[in-house]
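Letters A, B, ... mirror the listed sequences (proteins, then strands); counts begin at 1. As a basis for the values below, the full set of heavy atoms in this structure was taken, side chains included, without hydrogen atoms, waters or symmetry mates. Quick caveat: nothing in here was measured; it's all calculated off a predicted structure.
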2 protein chains.
Amino acid sequence: MNVAADTKERILTTARELFHGRSYADVGIKEICTLANVQKGSFYHFFPSKRDLAMAVIDYMADDWAHGFVAEAFDGALPPLERLDYMVDAVYYWQKAAKDLEGRMPGCLFGNLALEISTRDEVIRARINAVFTKASARFHEALDQAVERGDMAPLDSQATATAMLAYLEGVILLAKTRNDPEVVRQLGPAIKSIRIELKPPN
Amino acid sequence: MNVAADTKERILTTARELFHGRSYADVGIKEICTLANVQKGSFYHFFPSKRDLAMAVIDYMADDWAHGFVAEAFDGALPPLERLDYMVDAVYYWQKAAKDLEGRMPGCLFGNLALEISTRDEVIRARINAVFTKASARFHEALDQAVERGDMAPLDSQATATAMLAYLEGVILLAKTRNDPEVVRQLGPAIKSIRIELKPPN
DNA sequence: TTGACTTGACCGACCGGTCTAATATAATTT
DNA sequence: AAATTATATTAGACCGGTCGGTCAAGTCAA
């Protein structure tokens, strides 16, 4: 059981790294197995298919993410608007570290997979969408608190939260295309300037 | 010559559609050839490799794009800030039309390819980056004119232009993940709220 | 006759996935 | 506690299919 759990974990972490660093299609099961020191038979004992592995990796990463720097960034102790900066910083340092290590900016695993797979696999698309929805909720929370504290004028906090997430993903996309994490640093802070006003009551 | 040009064009348009609708890795040369009514030998007469095809598709699309709705959107006759709305609208209608036709939102070909391939192929990455740089220049232009006309307070127009492009890409990414073009309509207009201030002179 | 273009059979490599047999590990019976 | 059974895991050879790409022989216009 201990050994088994370890094998499964090794597959997951290896697959996550490879998918993130390259792409879903570009990484073969054989390669994952080799790097994880696992035989093919073992792999297919734990995962019915590559597709299922992808979903497991998404869940795994989402979990790590939610309990990792996203949890830190959106820590209630921080002033709401500072959480946005914290989030941007976290993205920057993460991408910078990855680039220093591997030479390339991997970008956001969810964004990557979304654009690569979501036209072909409805289930995976929905899965990634759920991750985004959850992330957006954190922004939403922070915005509501900021408004409540009088840090910013009232606005459509839900739409703005989604817009901020979109912006963050867009910045990461552009930074990856330039292979330059500094883009995140330069453009990221402007996330606070995004505003969608409340629909005027009829 | 006429026939040949036609064959090459058929390959390009077919490949562009397929790459855009699915992904680079997911579309095989055989499939492209079948749909384009071309034999494999002919294909390799025009394109040395799949990779070269991808680059040709990028150039082809960038050209179409630049002379198509981007040219319209950034027509100098339009007031600068309205060009942004025009651009957002164009994206919306395009994506909506594609979804109504195929059932899925294809997103932005350049964004898709960037996230899928740019970690693996430096040349293609640079190519897509160039397209983005060019697009960003259009935003830059519009912003400068807007400032000049007094439509908006002075700002770091270059950085803001890049940020706006990032936002647009991010919105498209999110909309694709939700498979819902309406996201573009809802979030798109907020592009005008993005601001990056000028660095204060030392 | 030349050279651009087409045809389609063909190639080795690799893909995701299967299968059978061996081997640990745990549960059950005696 | 030992023996037995059941089950979870590992091992890796193997499979059909598809991939990007090659090639030799042809067609056709200039």
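Pairing each heavy atom of Asn179(A) with each of Gly103(A), the nearest pair is ND2-O, 3.4 Å.
Across the protein-nucleic acid pair, Arg10(B) atom CZ and dT6(C) atom C1' stand 11 Å apart, rounded to whole Å. Atom CZ in Phe47(B) sits roughly 12 Å away from atom P in dC5(C) (whole-Å rounding). Nucleotide dC19(D) holds its C1' atom 16 Å from the CG atom of Leu18(B), rounded to whole Å. Straight-line distance from the NE2 atom of His45(A) to the C1' atom of dA24(C): 12 Å, rounded to whole Å. The nearest whole Å value for the distance from the CZ atom in Phe43(B) to the P atom in dG20(D) is 9 Å.
In this structure, Phe74(A) has its ring center under 6.0 Å from that of Phe139(A).
The list of salt bridge (charged side-chain N to carboxylate O under 4.0 Å, His left out) pairs with a residue in residues 21-46 of chain B, not counting sequence neighbours, reads Arg120(A)-Asp26(B), Arg22(B)-Asp26(B), Arg22(B)-Glu31(B).
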Contacts under 3.5 Å, N or O only, protein and nucleotides 13-16 of chain C:
unit_1	atom_1	unit_2	atom_2	d
dG16(C)	OP1	Lys50(A)	NZ	2.8
dG16(C)	OP2	Ile29(A)	N	3.0
dG16(C)	N7	Lys40(A)	NZ	3.2

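Direction change of the helix axis from one end of the helix from dT1(C)-dA30(D) to dT30(C)-dA1(D) to the other is 10°, with five pairs defining each end axis (rounded to 10°).
Between Thr7(A) and the phosphate of dT10(D), there is a side-chain N or O to OP1/OP2 separation shorter than 4.0 Å.
Considering Val91(A), Leu187(A), Val88(A) as possible partners of Val171(A), the one that fulfils the side chain to side chain contact (heavy atoms under 4.5 Å, CB included) test is Leu187(A).
Both Arg51(A) and Gln39(B) lie close to DNA chain C; mapped to their nearest nucleotides by heavy-atom distance, the more 5′-ward contact belongs to Gln39(B).
In summary, Arg127(A) and Asp59(A) engage in a salt bridge, as defined by a charged side-chain N under 4.0 Å from a carboxylate O.
In this structure, the side chain of His20(A) engages the main chain of Gly107(A) through a donor-acceptor pair within 3.5 Å.
Defined by atom type and a distance below 3.5 Å, a donor-acceptor pair is missing between the side-chain atoms of Glu116(A) and Tyr24(B).
Under a cutoff of 6.0 Å and an axis angle of 45°, Lys50(B) and Phe43(B) do not form a cation-pi pair.
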